[in-house]
There are 2 protein chains.
Amino acid sequence: MTVRRGNTRASILEASVDLFGSRGFAATSLDDIAGRVGVAKQTLLYWFPSKDELLDAVLEQTALELAAVIEAAVRAAADAPLARIEAVVKAVFRPAVRRPALLGLVREVSRLSPAHAERLTMQVQPFVRRATDYLREQMDAGMLRRADPGLVIALAYATVTGIATEPEALRAVEWPVTAIGLRRLRNELIAFVLAALRP
Amino acid sequence: MTVRRGNTRASILEASVDLFGSRGFAATSLDDIAGRVGVAKQTLLYWFPSKDELLDAVLEQTALELAAVIEAAVRAAADAPLARIEAVVKAVFRPAVRRPALLGLVREVSRLSPAHAERLTMQVQPFVRRATDYLREQMDAGMLRRADPGLVIALAYATVTGIATEPEALRAVEWPVTAIGLRRLRNELIAFVLAALRP
DNA sequence: CTGTCTGTCTACCAGGTGGTAGACAAACCT
DNA sequence: AGGTTTGTCTACCACCTGGTAGACAGACAG
């Protein structure tokens with residue numbers, strides 16, 4: 001029982017994503033995580049030298065997972081730009097809705113520590129740039145209505161995160177979005193984005 | 001110097017809004033607040049019996065301020081529904097942008113403590129209901145295009161908060177919204193909302 | 001002038017925090 | 001076999017947290 005199989009690190013990471021996500025970083029103690037994993041706190045500190053580096057690992061893994069999802073969606077989608085855009089929005093939306101707390105964690109972290117925020121942004125950066133380039137390119141080719149690509153992305157990002165985190169923002173009592181359902185909200189959003197971009 | 005003038009409570013509240021907003025509730029200690037105000041921690045606990053009740057006071061004051069802003073905007077706006085809606089969106093947007101951290105605080109709180117979240121929601125509730133009623137009424141009168149009022153509000157709320165908190169979500173490096181400017185984003189949003197509602 | 005009340009302080013505490021030291025058990029490598 | 005490495009644990013610590021007890025200084029009422 002002393003030496004576990006090699007999944008300890010992964011279990012710690014998973015539990016950390018859960019707890020940091022649901023309670024927030026500052027409000028989650030190492031003991032909380034250790035308890036969830038069923039391991040001593042010191043085992044955590046064996047795998048991750050400090051709570052800060054554990055947070056980094058959590059963020060990095062989340063970013064990598066999201067990146068993989070987006071890549072797959074892009075690759076699977078048809079070539080037409082509108083279909084591609086719809087696929088990407090849906091791809092981003094799914095994990096955002098399944099784990100809305102992670103978006104909250106991103107906010108908390110970027111408020112708490114500029115260092116973490118910068119690392120995070122650098123991971124997001126390439127995607128933003130690629131999307132910007134793609135939009136501009138398709139606009140130049142006349143496949144999309146001309147607009148400021150940066151503005152399109154900013155608006156889409158803001159809307160997706162806003163929608164995804166809304167039920168968690170004020171989840172206690174009756175609230176329109178709860179009754180309406182995220183899927184419909186998402187479809188409305190996609191319809192809007194596509195309508196705005198159709199040439 | 002022992003007895004201050006009556007502004008101590010207000011100063012504590014103000015500093016708490018600032019610090020809870022910028023660093024988050026869990027990451028702000030009573031000593032932090034006391035230090036900012038220039039007072040001993042025990043003076044805080046004289047005015048507010050616990051950190052939790054201080055948080056309640058912060059949230060309540062914020063809600064009251066926001067409510068006042070909205071009321072004023074509605075009263076000052078022209079009677080036409082579209083003008084009213086634009087005024088309300090702008091009114092909500094301004095404080096949301098000036099103190100985006102408060103939206104983050106709302107999220108943190110609703111993750112951390114269902115009790116606080118419920119109190120918060122109950123304060124928001126009447127506004128949501130009034131807005132829903134107003135939209136439905138104007139739609140019935142043919143002044144607005146027919147749509148699900150709840151959906152309109154949910155979408156608008158999500159977009160406003162998403163946009164307002166975006167620069168703070170990932171503020172470290174170059175990010176489209178930083179370059180674009182919130183004002184323009186807001187105007188795009190308003191244009192969209194109005195276009196969607198024009199009969 | 002004296003007693004009470006209000007507001008602020010210094011001193012302290014119990015409990016929880018992230019983190020360290022080191023023992024030790026299994027596995028792995030000759 | 002035996003030594004080394006890897007992974008986990010118990011025990012501990014310095015520090016910080018929210019919160020309490022009580023002293024005390026000014027304001028104010030009689």
Show the atom names and distances, to 0.1 Å, of all donor-acceptor pairs under 3.5 Å that link a side chain in residues 86-94 of chain A to residues at least two apart or in another chain.
residue: A:E86; atom: OE2; partner: A:K90; partner atom: NZ; Å: 3.4

Exercise. Under the salt bridge (Lys or Arg N to Asp or Glu O under 4.0 Å) rule, what pairs show up with a residue in residues 40-66 of chain B, not counting sequence neighbours?
Worked result: B:D56-B:R119
Exercise. Which residues satisfy the side chain to side chain contact (heavy atoms under 4.5 Å, CB included) test with A:E14, sequence neighbours excluded?
Worked result: none
Seminar exercise, completed: Those residues at least two apart in sequence (or on a different chain) that pass side chain to side chain contact (heavy atoms under 4.5 Å, CB included) with B:A96 are B:L103, B:A164
Problem set entry | Rounded distance (Å) that lies between atom P of C:dG7 and atom CZ of B:F48 |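 Between P of C:dG7 and CZ of B:F48: 13 Å.
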For this session: Grab the OH-P distance between A:Y46 and C:dG22 for me, whole Å please.
Result: 17 Å
Problem set entry | A:W47 vs D:dT6: side-chain N/O to OP1/OP2 distance below 4.0 Å | no
Exercise. Is the shortest side-chain N/O distance from A:T8 to OP1 or OP2 of D:dT8 below 4.0 Å?
Worked result: yes
Problem set entry | Nearest atoms (heavy-atom pairs only) where A:A78 meets A:R84 | O-CG, 3.3 Å
Exercise. Residues two or more places apart in sequence or in another chain: which of them pass salt bridge (Lys or Arg N to Asp or Glu O under 4.0 Å) with A:R145?
Worked result: none
Exercise. How does protein contact run along nucleotides 15-21 of chain C, one letter per nucleotide 5' to 3', with B for base contact, S for sugar-phosphate only, - for none, heavy atoms under 4.0 Å?
Worked result: --SBBBB
